[in-house]
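To start, the structure under review is shown below, and the notes come after it.
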2 protein chains.
Amino acid sequence: MPLIKTNKEEIIDTALNVFRENGYYNTSMSDLAKACGLQKGSFYHYFDSKEKMMSAVLDKVLSTLNAEVFPIADDMSISDRDRLQKLMLSIGEIMLQKSGGCIAANTSLETNGQSVIFRDTLKAIFDGWQNALQKIFSSQYPEGTSKRLAEQTVMEFEGAVMLSQLHSNDQYLKDVFVRTLAKMK
Amino acid sequence: MPLIKTNKEEIIDTALNVFRENGYYNTSMSDLAKACGLQKGSFYHYFDSKEKMMSAVLDKVLSTLNAEVFPIADDMSISDRDRLQKLMLSIGEIMLQKSGGCIAANTSLETNGQSVIFRDTLKAIFDGWQNALQKIFSSQYPEGTSKRLAEQTVMEFEGAVMLSQLHSNDQYLKDVFVRTLAKMK
DNA sequence: GTCTATATCAAGATAGAC
DNA sequence: GTCTATCTTGATATAGAC
């Protein structure tokens with residue numbers, strides 16, 4: 001293995017991809033270390049445990065969303081429709097990235113019930129997302145309707161990610177994208 | 001399906017619940033054996049491996065759906081709306097059962113990408129479901145629309161299962177149920 | 001058909017040299 | 001900060017007695 005100088009941020013970015021593609025339980029510390037170009041022993045210099053590693057990954061996803069994505073909903077310099085499009089595209093970039101589906105949905109479904117550790121972060125991710133969507137919809141719909149549309153968008157999006165993955169076909173996701181955008185003038 | 005359950009089938013039923021609640025990778029053969037009231041060693045009398053165990057579980061879900069649930073779409077003795085309601089309720093019973101979300105979605109998201117073993121069965125489950133929904137919708141909508149409505153229903157349903165799980169609140173699922181039924185006169 | 005015992009391996013994690 | 005070596009545990013799976 002070549003000697004690679006790395007840092008905590010780079011490790012988190014790499015780990016995000018490994019976790020998203022392999023899942024939490026099916027990813028070993030060896031897998032993570034190897035993906036980072038480190039020996040397993042070296043890896044513990046950065047993170048005490050696999051659990052803390054994943055927590056750091058999800059925390060970074062949430063803070064990135066909070067800093068860069070959810071505020072799009074408040075950007076009144078662009079049209080409602082453009083805000084919605086920009087938000088959806090940005091969500092896709094951060095949560096889907098390359099392959100493996102959505103890190104938040106994957107982790108939710110995999111750890112729900114038994115592990116309560118990631119729950120708050122995952123809830124904050126989905127609540128923030130839904131909230132941002134609702135803000136955008138509320139510019140053209142009454143409160144009850146925009147809340148429902150926001151919920152529907154999140155649910156359809158995650159369902160579409162699953163079906164796209166399963167069938168190796170992006171069409172489901174693209175369709176949801178188009179349908180969602182069509183809800184705004 | 002036979003009227004009298006074999007021992008193997010009881011194991012499959014128990015394993016389904018354990019897998020759905022703990023996930024595939026986070027369930028050990030010990031967990032399964034214990035849930036069945038067997039020693040780990042005894043468990044291998046019935047199934048050669050964990051993988052074959054899960055395959056049997058998913059196969060049984062699919063065959064139950066094929067035998068008892070999807071045909072509801074063809075039952076012209078009840079109204080369109082009642083068929084839709086009966087189908088959705090039956091899907092819920094088989095895939096959700098108690099707690100832990102949807103076995104098909106959980107397994108899809110957890111094993112997608114790395115494991116190709118369960119893929120065909122999972123695809124058949126979702127395709128059969130979508131197909132049954134489309135049949136029902138097609139009695140009141142044109143082909144393109146009913147296909148889209150069927151896709152949307154599956155996606156929203158799975159998204160709702162996730163959010164309901166995450167927030168320990170059935171409301172998301174109930175809302176989808178009501179919204180879906182409202183699509184039929 | 002169920003048990004106990006065990007083989008084998010990989011996982012998470014730590015210690016200490018450099 | 002990275003390495004090698006190691007500890008401990010728990011996982012899958014098998015063997016063979018009853």
Side-chain angles (χ1 to χ4, degrees), chain A residues 1-60 100 106-107 110-111 113-118, chain B residues 2 4-60 100 106-107 110-111 113-118:
Chain A
M1 267 297 154
L3 211 93
I4 293 171
K5 207 178 174 185
T6 187
N7 60 50
K8 222 166 172 171
E9 287 296 306
E10 269 178 31
I11 287 176
I12 290 176
D13 290 344
T14 303
L16 167 59
N17 285 309
V18 180
F19 276 133
R20 198 189 48 252
E21 282 170 26
N22 297 345
Y24 178 67
Y25 291 112
N26 192 41
T27 295
S28 71
M29 290 300 261
S30 283
D31 293 334
L32 294 169
K34 190 183 287 179
C36 295
L38 286 171
Q39 289 300 315
K40 196 168 52 160
S42 317
F43 201 79
Y44 282 86
H45 173 72
Y46 295 97
F47 292 95
D48 294 343
S49 70
K50 187 173 151 182
E51 211 169 68
K52 288 194 178 164
M53 176 82 253
M54 180 54 118
S55 286
V57 166
L58 295 177
D59 283 347
K60 189 180 175 191
N106 290 355
T107 310
E110 200 179 351
T111 66
Q114 70 269 11
S115 159
V116 91
I117 315 140
F118 311 132
Chain B
I4 299 167
K5 277 185 188 171
T6 66
N7 226 340
K8 212 167 175 175
E9 282 195 67
E10 267 177 33
I11 288 176
I12 291 176
D13 290 343
T14 304
L16 167 59
N17 286 309
V18 180
F19 276 133
R20 197 189 49 250
E21 282 170 25
N22 298 345
Y24 177 66
Y25 292 113
N26 192 41
T27 294
S28 71
M29 290 299 260
S30 282
D31 294 334
L32 294 169
K34 191 184 286 179
C36 295
L38 286 171
Q39 288 301 314
K40 199 168 47 163
S42 317
F43 201 78
Y44 282 86
H45 174 73
Y46 294 98
F47 293 95
D48 294 344
S49 69
K50 188 172 148 181
E51 210 169 69
K52 288 195 178 161
M53 176 82 253
M54 180 55 117
S55 286
V57 166
L58 295 177
D59 284 346
K60 188 180 176 189
N106 290 355
T107 310
E110 199 179 351
T111 65
Q114 71 269 12
S115 159
V116 90
I117 315 140
F118 312 133

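All figures in this text were calculated on a predicted structure; none of them were measured in a lab. Here is how names work: the chains are called A, B, and so on, in the same order as the sequence lines, proteins then strands, and each is numbered from 1.
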Which pair of heavy atoms, one from [X] and one from [Y], lies closest together, and at what distance?
{"X": "A:Ile12", "Y": "A:Ala56", "answer": "CD1-CB, 4.0 Å"}
{"X": "A:Ser55", "Y": "A:Ile117", "answer": "OG-CG2, 4.2 Å"}
{"X": "B:Val18", "Y": "B:Ala35", "answer": "CG2-CB, 3.6 Å"}

ask   = Among all residues two or more places apart in sequence or in another chain, which pass the side chain to side chain donor-acceptor pair (under 3.5 Å) test with B:Ser28?
value = B:Asp31
request  = Return the set of residues passing side chain to side chain donor-acceptor pair (under 3.5 Å) with B:Tyr46 (not counting sequence neighbours), or none when no residue passes.
outcome  = B:Asn7
inquiry  = Counting only heavy atoms from other residues, nucleotides and ligands, does the tally under 6.0 Å from NZ of A:Lys60 exceed 12?
reply    = yes
remark   = Footprint ends on DNA chain C, 5' to 3', for atoms under 4.0 angstrom from a heavy atom of chain A, come out as C:dA11 to C:dT14
inquiry  = B:Leu32 and side chain to side chain contact (heavy atoms under 4.5 Å, CB included): which single residue from B:Thr27, B:Asn22, B:Thr14 fits?
reply    = B:Thr27
request  = Check side chain to side chain contact (heavy atoms under 4.5 Å, CB included) between B:Ala33 and all other residues, then give those that pass, not counting sequence neighbours.
outcome  = B:Phe43
Partners passing side chain to side chain contact (heavy atoms under 4.5 Å, CB included) against B:Asn17 (at least two apart in sequence or in another chain) = B:Arg20, B:Gln97, B:Lys98
task = Scan for salt bridge (charged side-chain N to carboxylate O under 4.0 Å, His left out) pairs involving residues 43-53 of chain B, sequence neighbours excluded, and state none if there are none.
result = B:Asp48-B:Lys52
message = Taking B:Gly23's backbone N and O only, do any of them form a donor-acceptor pair with A:Glu110's side chain (distance below 3.5 Å, no angle check)?
response = no
ask   = Can you tell me how far P of D:dT12 sits from CD of B:Gln39, to the nearest Å?
value = 15 Å
remark   = From NZ of B:Lys34 across to C1' of D:dT12 the rounded distance in Å is 16 Å
Could you go over nucleotides 13-15 of chain D and give all protein N or O partners under 3.5 Å, atom names and distances?
{"residue": "D:dA13", "atom": "OP2", "partner": "B:Lys50", "partner atom": "N", "Å": "3.2"}

inquiry  = Could you tell me if the side chain of B:Val57 sits less than 4.5 Å from the side chain of B:Met54, heavy atoms only?
reply    = yes
inquiry  = For B:Phe19, give me all partners under ring pair (Phe, Tyr, Trp, His ring centres under 6.0 Å), at least two apart in sequence or on another chain.
reply    = B:Tyr24
ask   = Where along residues 15-25 of chain A does a heavy atom come under 4.0 Å from DNA chain C, residue by residue in number order?
value = none
ask   = Per the end-axis method with five pairs at each terminus, what is the bend angle of the helix from C:dG1-D:dC18 to C:dC18-D:dG1, to 10°?
value = 0°
